[in-house]
Student: 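Please see the structure below; I have some questions.
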Amino acid sequence: MRVLSIETSCDETSLAVVREDESSFIVEKNIVSSQATIHAQYGGVVPEVAAREHAAWIFPLMKELDIPHDGKGIDAIAVTAGPGLVPALRIGVELGKVLAWSWNKPLVAVNHLEGHLYSVWLETDRPPLFPSLCLLVSGGHTELILMKDHGKYQLLGMTRDDAAGEAFDKVAKLLGLPYPGGPQISKLALEGDPAGIDFPRPMLDSQNLDFSFSGLKTAVRLSVEHHASLHQGGLDPVDRATIAASFQQAVVDTLVHKTLKAVQQTHPKSVILSGGVSANRLLRETLREKLSVVDPNITFHSPAIVFTGDNAAMIGAAGMMKAKRKEFVDPLTLHADPNMNLISL
Amino acid sequence: MMYQSHNEEETKQIARRFASTLKGGETVFLKGDLGTGKTTFVRGVAEYFGFGGVVRSPTFTIMNRYSIDQGPIKVILHMDFYRIEDPSEFTALALEEELGRPDTIAFIEWPEKDTQQFVFATYQIHFSCTGSIHEIEY
Ligand SMILES: Nc1ncnc2c1ncn2[C@@H]1O[C@H](COP(=O)(O)OP(=O)(O)O)[C@@H](O)[C@H]1O
Ligand SMILES: [Mg+2]
């Protein structure tokens, strides 16, 4: 089976063609707007296109994808139907509907979170085993999800305020680092002492599996203000690196602690770390290490770096599994759903 | 009016009092630095209208939508323009379809970046914080 997939739920416009292999998915093509340039040959010169201007991106990316105009060789269309921004989602959903209807191909609606779960099934010879426990961390998400089987999900916990990735970006701003903040903080943290400041580890002692990062953001702001007031010229470079390292450690400790707590409760065979923040090396290595101590038989899975952020390839993988279960939707009635629920699937 | 808040609960209390004056169709700008209580304030508003779900920061989603059913107001839009880099991005948000409807109240965090050119603010609320005292003014 070969699937054409479409993702426009947030910042990225992305199109992919994914094909199945024995145990995983082969990504034939995966084009993401933030890494692409709109070529001048398409309708004249296109000025720089902003994030979320999916309408401006989508057909140039379609051209770039370079598939037969009659859809030959494509067996199904998969599109992200939610959750996300309605005007953004709508562009992808409408394209999916039109293609499915005019090519007379089956259409599947994929939940964006489900896509992130399937990012670890892309291009691998060692897919996760069920049940799998997934920590999904990105700019907009911090969720613990139990995946009992293909298409069977249970939401165990999530952030009550800010997502982990958002905390990285906002702390980066407090430290005067450019956007996106995650990689910048990690780099600066290499020069600082991660035990230098004892930032709060929110909700560590609570019994549930929820997260909270807004208090940490406020604690970092107070610390920055305090350290900056100690010196004439503002924040000292050593203090700055210490704050970055201590903050990153607090986030990693919290995420790892809660994930291990969920492992104890659910006894998974595999643990999945996915989403944009899963590119963070300290998080990957700490979780892998701690997990091997808790139970060396649990396998650990994290996507290739290109599949950590939003991309259509992961939507194609999730969509193909749905297509195999014949969970098709009607191209004439599908709507974007901004609050689409993973469990109601 | 200028209010002082010493903790999250007091901020939500001030928010509930503010919410009780809303009739529908209002758009409220929430201005203030990181961690001064803008999202906490919207949490208080949502509680006042009996919203039972979780109010999360919309910084990444840009727009959260809370459905409520008390009186004429059916929808709270919780927006955040922190990540808007250029005013041209507003057109892609299709705000004209959402704002000003009589069954909708809208709260916008980080309405800087020329939002005023696109959106009319019924109220502006200013948040600040010195030490542990938070100030809320509208
Ligand atoms: N008086 C107060 N009002 C609101 N929040 C407070 C107060 N005192 C401390 N806090 C803390 O500050 C943080 C405010 O975060 P948030 O509402 O997300 O701010 P913003 O949306 O302005 O960035 C929370 O962690 C909260 O617990
Ligand atoms: Mg906020």
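A note on names: the letters A, B, ... follow the listed sequences, proteins ahead of strands, and every chain is numbered from 1. In this text the structure is predicted, and so the values were computed from the model without any measurement.
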Student: Check this for me, if you would: do Asp33(B) and Arg221(A) make a salt bridge, where the nitrogen-to-carboxylate-oxygen distance has to be below 4.0 angstrom?
Tutor: no
Student: Rounded at 0.5 Å granularity, tell me how far CZ in Arg56(B) sits from NE2 in His141(A).
Tutor: 9.0 Å
Student: When heavy-atom pairs shorter than 4.5 Å are enumerated against chain A, which of Ser132(B), Cys129(B), Ser67(B), Ser57(B) gives the highest number?
Tutor: Ser57(B)
Student: Would you say Glu9(B) has more than 12 foreign heavy atoms packed within less than 6.0 Å of its CD?
Tutor: yes
Student: Tyr82(B) and Lys173(A): side chain to side chain contact (heavy atoms under 4.5 Å, CB included), yes or no, with the steps?
Tutor: CA-CA 11 Å; Tyr82(B) 184 82; Lys173(A) 175 143 191 210; 3.0 Å; yes
Student: Decide side chain to side chain contact (heavy atoms under 4.5 Å, CB included) for Met63(B) and Val86(A); before the verdict, give the C-alpha distance in whole Å, the side-chain angles of both, and the deciding distance to 0.1 Å.
Tutor: CA-CA 9 Å; Met63(B) 185 190 299; Val86(A) 172; over 6 Å; no
Student: Which answer fits Thr39(B), side chain, backbone, both or neither, if we ask what part of it has an atom under 4.5 Å from a heavy atom of chain A?
Tutor: neither
Student: Name the region of Glu8(B), side chain, backbone, both or neither, that has any atom closer than 4.5 Å to a heavy atom of chain A.
Tutor: neither
Student: Crowded around His227(A) NE2? As in, over 12 foreign heavy atoms under 6.0 Å?
Tutor: yes
Student: Chain B: which of Lys217(A), Lys170(A), Arg160(A), Met158(A) shares the most heavy-atom pairs with it under 4.5 Å?
Tutor: Lys170(A)
Student: Under 4.5 Å from any heavy atom of chain A, what part of Val54(B) do you find: side chain, backbone, both or neither?
Tutor: side chain
Student: Within this structure, what is the CG-OG1 distance for the pair Asn339(A) and Thr61(B), rounded to the nearest 0.5 Å?
Tutor: 9.5 Å
Student: Just verifying a value: how many Å separate Arg43(B) CZ and Asp161(A) CG, rounded to the nearest 0.5 Å?
Tutor: 5.5 Å
Student: Is Asp162(A) in contact with chain B via its backbone, its side chain, both, or neither, using a 4.5 Å heavy-atom distance?
Tutor: both
Student: Taking side chain as everything from C-beta outward and backbone as N, CA, C, O, which of these in Ser214(A) sits under 4.5 Å from a heavy atom of chain B? Side chain, backbone, both or neither.
Tutor: neither
Student: Can you confirm whether Ile84(B) sits close enough to Arg52(A) that some side-chain heavy atom of one is under 4.5 Å from a side-chain heavy atom of the other?
Tutor: yes
Student: Does Arg17(B) have more than 12 heavy atoms from other residues, nucleotides or ligands lying within 6.0 Å of its CZ?
Tutor: yes
Student: List the atom of Leu93(B), the atom of Leu85(A), and the distance in Å for their closest heavy-atom pair.
Tutor: CD2-CD1, 3.9 Å
Student: Specify the closest pair of heavy atoms between Phe60(B) and Cys10(A), including all atoms of both residues, with the distance to one decimal.
Tutor: O-SG, 3.6 Å
